[in-house]
Amino acid sequence: MTCYHAAAEADPSLPLWDAVAWFTSPKPIPIKVLHDVHRHDRQFLLDQPSTPLVFLLSGQARAARAVEAVAGLIGFLVANRSVVDDFTVTEVRAVRF
């Protein structure tokens, strides 16, 4: 969660990363929640591919390194337990703009 807060208040001079995390959850996430996440000030998108209980969280983050951008993204899930209370990250990626 510390990484999420650090990414939320990141220095604007840091590189911008497009980050994505695939994760599984033992419970479904309501469709309304999937749609509401994109309204978050970080412009994250939460989507569900065609596979049940597999989800995709994507967004942009300013960070010095890709690992920090991904940690900020995962920190969003940790900080927002109302979105998903239990999850397992299966894959991550980050690309610098």
Side-chain angles (χ1 to χ4, degrees):
M1 194 155 92
T2 303
C3 292
Y4 170 65
H5 292 298
E9 300 170 10
D11 180 351
S13 68
L14 289 172
L16 184 62
W17 297 85
D18 195 18
V20 63
W22 287 265
F23 65 95
T24 60
S25 175
K27 295 185 237 174
I29 298 174
I31 298 224
K32 182 182 180 336
V33 173
L34 292 174
H35 292 274
D36 285 348
V37 168
H38 80 278
R39 292 186 181 93
H40 190 269
D41 64 347
R42 299 279 307 283
Q43 298 182 348
F44 288 159
L45 294 173
L46 182 59
D47 198 9
Q48 182 176 17
S50 59
T51 308
L53 304 180
V54 173
F55 301 93
L56 175 68
L57 177 64
S58 61
Q60 295 180 345
R62 291 206 176 270
R65 298 179 306 159
V67 68
E68 294 168 353
V70 168
L73 193 69
I74 303 304
F76 172 81
L77 292 175
V78 174
N80 292 283
R81 290 297 185 163
S82 62
V83 173
V84 57
D85 60 355
D86 188 20
F87 63 92
T88 301
V89 175
T90 57
E91 190 172 342
V92 296
R93 300 217 199 274
V95 176
R96 187 174 169 176
F97 277 103

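All residue numbers refer to positions in the sequence shown, counting from 1. Hydrogens, waters and symmetry mates are skipped; everything else that's a heavy atom, side chains included, is used.
Thr24 contributes no side-chain N or O that, together with a main-chain N or O of Leu53, makes up a donor-acceptor pair within less than 3.5 Å.
Among pairs with a residue in residues 75-85, those fulfilling salt bridge (Lys or Arg N to Asp or Glu O under 4.0 Å) read Lys27-Asp85, at least two apart in sequence or across chains.
Looking only at side-chain heavy atoms (C-beta outward), Phe87 and Val78 come within less than 4.5 Å of each other.
Transitive grouping of hydrophobic side chains (ILVMFWY, heavy atoms separated by less than 4.5 Å) brings Leu34 and Leu73 into a common cluster. The same ILVMFWY cluster, assembled from side-chain heavy atoms under 4.5 Å apart, contains both Val92 and Leu77. Side-chain heavy atoms closer than 4.5 Å link hydrophobic residues (I, L, V, M, F, W, Y) into clusters, and following such links, even through other members, never connects Trp17 to Val89. Residues Ile74 and Phe23 share a hydrophobic cluster, clusters being chains of Ile/Leu/Val/Met/Phe/Trp/Tyr side chains in contact below 4.5 Å.
For Thr51, there are no side-chain hydrogen bond (donor to acceptor under 3.5 Å, both in side chains) partners two or more places apart in sequence or in a different chain.
With rounding to the nearest 0.5 Å, the separation of CG in Asp18 from CD in Gln60 is 5.5 Å.
Across Phe55 and Ser25, no two heavy atoms sit closer than the pair CE1-CB, 3.8 Å. Taking every heavy atom of both residues into account, Ala69 and Ala63 meet most closely at N-CB, 3.6 Å. Considering all non-hydrogen atoms of both residues, Pro49 and Asp47 come closest at CD-O, 3.8 Å.
When each of Val33, Ile29, Leu46 is paired with Val84, the side-chain contact (heavy atoms from CB on, under 4.5 Å) condition holds for Ile29 and for no other.
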